[in-house]
Amino acid sequence: MELTQIDVDEVLRKRIPHRYRYIPRFLISWLARAIHQDELNAILRHMAAQPGGIEAADVAMSDLQVTATLVGIDNVPAGGRYIFASNHPLGGLDGLSLISALGHKYDGKIRFLVNDLLMAVQPLQPVFLPVNKYGRQSRGNAAEIERQYRSDNQMVTFPAGLCSRMDAHGVVRDLPWHKMVVTHAVSSRRDVVPVYFEGENSRHFYRMARLRKRLGIKFNYEMVYLPGEMFKCRGANFKVHVGKPVPWQSLDAAHPAQEALRLQQLAYSLNPAGKTMQSN
C-alpha cells in the first residue's frame, strides 16, 4: 500500500500554482501546525502498514487511545443488507469508530460513503466509497455507488454530509439529512439502521463555524480545526447507540426529504440525554 503523507506546502503548490508564490511562508507554517501535520503523518505511517481499511482504522484509534462501545448491540442485524445512517458530531473519530465497530461485526464487508477528497487517505480506501459533495458526481463514482448498493456489503453513511453544527439555541445537531439515504434504501431494498453517536467538538469549533456563517463566508474554514479536535479527544470512550432497523417498505419514496427527516429524528431519539432534535 502506497504511503500517504500530508504536505501542506506541496498541496498549495499543486492546487493553486499561480497564487502559491504570494502566500506568506508564516501562513503555510501556521496551517501545517493547525492541522497537526506531523502528528497526522505519524498516524498515517502506522495505518499504511496495515493490510486493510478496518485494521487501519483500528491502528488510528489505538494511536489516539480512543475506543467505541456499541449500545443496543442486539439491534445490529446478524444478516441481510442494511444502511447504517448516523449523525456526524465529530468529523473524524466518529467515522473511524464506525468503520472499526461495524467492520469487525461484518468481517470487513462494509462500505462507507465519504467526501471524495478523503480518498487521499489511502489506508482507508478499501472501505471508502467516494461521493462528490461539491460538484457533479462522476459517472464512474455513480456507477460504483450503485454497484455497492446492489452488493452484499453493509453501507454506512453520514446523511448530513458535513459534521454537526451548533444552532442559535446552543444545541449541537446535524444539518438536515440528505434525501438520498431514503432513495438508496428504497431502490436497493435495504432497511435503514438509525445510529446516534455521542460526542461533540469544542465550543471554539462551533463559534468559528457560526462566525463564518454570520459573515456570509461559504468556504468551511473551520474544517481546518478538525484534526485538532480529534487530538483533543485522545483517551475518550465513545458510545454508539444503535436503533431498530426501519423497513425500507415503510419509507415513502414519493417524499424522500420528509422521510430523511424522520430517520434523522429516529437517530436523535436514541440520545440518552433525552434532547430532541429541534427543527431548523
Using atom types as modelled and distance alone, determine if a side-chain donor or acceptor of [X] lies under 3.5 Å from a backbone N or O of [Y].
X	Y	value
Asn115	Leu118	no
Asp94	Gly92	yes
Asn201	Phe205	no
Gln65	Arg234	no
Asn41	Ile6	yes

Lys232, NZ: over 12 other non-hydrogen atoms inside 6.0 angstrom: yes

Taken in chain and number order and not counting sequence neighbours, the residues that satisfy salt bridge (charged side-chain N to carboxylate O under 4.0 Å, His left out) with Glu144 are Arg147

The side chain to side chain contact (heavy atoms under 4.5 Å, CB included) partners of Pro17 (sequence neighbours excluded) come to none

So, do [X] and [Y] sit near enough that their side-chain heavy atoms are less than 4.5 Å apart?
X	Y	result
Gln264	Asp174	yes
Tyr268	Pro194	no
Tyr225	Ser202	no
Leu175	His88	no
Asp152	Arg81	yes
Leu90	Phe238	yes

In short, salt bridge (charged side-chain N to carboxylate O under 4.0 Å, His left out) pairs touching residues 21-40 with sequence neighbours left out are Asp9-Arg25

So ring-ring contact (aromatic ring centres under 6.0 Å, His included) across residues 5-41, not counting sequence neighbours, yields His36-Phe231

The complete set of side-chain hydrogen bond (donor to acceptor under 3.5 Å, both in side chains) pairs with one or both residues in residues 178-195, sequence neighbours excluded, reads none

Quick one: side chains of residues 153-160, donor-acceptor pairs under 3.5 Å with protein atoms, not counting sequence neighbours, listed by atom name and distance.
unit_1, atom_1, unit_2, atom_2, d
Asn153, ND2, Gln148, OE1, 2.8
Gln154, OE1, Tyr82, N, 2.8
Gln154, NE2, Gly80, O, 2.7

Could you please spell out the steps behind the side-chain hydrogen bond (donor to acceptor under 3.5 Å, both in side chains) verdict for Thr69 and Asn237? CA-CA 7 Å; Thr69 302; Asn237 174 255; 3.3 Å; yes

